[in-house]
2 protein chains.
Amino acid sequence: MDRALKNINYKEETKELAVFAKALAHPTRIAILKHLDNQTCCFTGDLVEVFPLAQSTISQHLKELKNAGLIQGELKPPKIRYCINQQNWNKAKLLFERFFV
Amino acid sequence: MDRALKNINYKEETKELAVFAKALAHPTRIAILKHLDNQTCCFTGDLVEVFPLAQSTISQHLKELKNAGLIQGELKPPKIRYCINQQNWNKAKLLFERFFV
DNA sequence: ATTCCTTATCGCAAATGTACGATTGGTAGA
DNA sequence: TCTACCAATCGTACATTTGCGATAAGGAAT
């Protein structure tokens with residue numbers, strides 16, 4: 001295993017920024033975040049209606065955003081309410097600011 | 001062709017942001033940009049010495065950064081001098097700022 | 001025209017990303 | 001306990017990304 005994402009010792013900040021950037025590297029995920037930010041929060045089902053994508057696809061994008069730490073889910077049976085994770089959002093904001101001189 | 005990057009009509013701003021984010025979605029490219037920013041400019045060969053990656057790999061990353069518009073190359077025979085594209089850099093900076101509330 | 005140095009591109013292999021439909025899982029209420 | 005609803009996960013297919021070595025391409029100087 002020495003291909004694809006070779007292990008180089010980058011600074012922690014660099015790696016974190018790359019993770020956040022990767023989460024934003026797809027227009028659907030950016031649109032989801034914008035939507036979440038406007039609505040404060042929303043349910044998965046709402047997004048499935050807003051975007052012309054399968055429920056599984058939306059769910060996958062949400063998973064990636066969650067893995068990157070940008071959103072968090074809250075059980076609100078039988079739905080799940082997703083919100084921006086404000087703490088990590090601020091962290092990402094800071095990292096991007098620091099990066100762009 | 002209805003897989004991978006399905007054609008949805010996202011706002012221009014959303015798509016542009018995704019392109020910039022994608023360019024930053026790899027730690028090597030972030031590190032290259034940081035290096036460029038510190039040194040103002042540098043040659044491909046310098047980067048090949050700084051990073052433990054093949055010359056072709058570095059060249060590929062440079063190509064992606066160039067395609068995203070974040071850097072530009074200037075002929076300085078027999079080398080090529082890469083610099084930040086300040087105009088697009090500012091554009092990206094603005095888009096990220098606008099995105100992060 | 002030829003040679004030399006640097007960088008881009010090609011061809012390949014493996015990993016990851018993106019999308020779908022189908023299935024499973026988890027919670028609240030009947 | 002059973003059912004119904006919603007969302008996550010599985011399995012699949014294809015595209016893209018990431019890495020390498022090898023080769024081609026470009027410009028300057030001889």
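Per chain, numbering begins at 1; letters A, B, ... match sequence-line order.
Residue contacts shown for B/E64 are limited to sugar-phosphate atoms, with no base heavy atom under 4.0 Å away. Residue contacts for B/T44: at a heavy-atom cut-off of 4.0 Å it reaches the sugar-phosphate backbone alone, with no base atom in range. Residue-level contact check: A/R29 touches the backbone only, with heavy atoms under 4.0 Å from sugar-phosphate atoms and none from bases.
At whole-Å resolution of the value, CD in B/E49 and P in C/dT7 are 10 Å apart. As rounded to whole Å, 15 Å separates atom C1' of C/dA19 from atom CG of A/L62. Between the C1' atom of C/dA28 and the CG atom of A/L75 lies a distance of 11 Å, rounded to the nearest Å. Between the C1' atom of D/dC5 and the NZ atom of A/K79 lies a distance of 10 Å, rounded to the nearest Å. Put simply, NE2 on A/H26 is 11 Å from C1' on D/dT16, counting in whole angstrom units. As rounded to whole Å, 13 Å separates atom C1' of D/dC20 from atom CD1 of B/I58. Put simply, CD on B/E74 is 13 Å from P on C/dT7, counting in whole angstrom units. Rounded to an integer number of Å, the gap from CD of A/Q55 to P of D/dT9 is 11 Å.
Looking at the side chain of A/P77, the nearest of the listed nucleotides C/dA8, C/dT27, D/dA8 is C/dT27. The nucleotide whose nearest atom lies closest to any side-chain atom of B/I80 is, among C/dA19, C/dG21, C/dT7, C/dT7. Distance from the side chain of A/S56 is smallest to D/dT9 among C/dT6, C/dT7, D/dT9. Of the candidates D/dT9, C/dA19, D/dC20, the closest approach to any side-chain atom of A/H61 belongs to C/dA19. When the nucleotides C/dA19, C/dA8, D/dA8 are ranked by their closest atom to the side chain of A/Q60, C/dA19 comes out on top. When the nucleotides D/dG19, C/dT6, C/dA22 are ranked by their closest atom to the side chain of B/L53, D/dG19 comes out on top.
Side-chain N/O atoms of A/K22 include one lying less than 4.0 angstrom from OP1 or OP2 on C/dG17. Dashed line: the shortest gap from a side-chain N or O of B/T57 to OP1 or OP2 of D/dC20 is under 4.0 Å.
Distance alone, capped at 3.5 Å, is enough to place a donor-acceptor pair between the A/R29 side chain and the A/K22 backbone. A donor-acceptor distance shorter than 3.5 angstrom exists from the side chain of B/N90 to the backbone of B/Q86, with no hydrogens or angles considered.
Taking the six-membered ring wherever Trp is involved, the centroid distance between the rings of A/F96 and B/F100 falls below 6.0 Å.
For A/N38, the CG atom counts as densely surrounded, since its 6.0 Å shell holds more than 12 non-hydrogen atoms of other residues, nucleotides or ligands. Within a 6.0 Å radius of NZ in B/K91, other residues, nucleotides and ligands contribute 12 heavy atoms or fewer.
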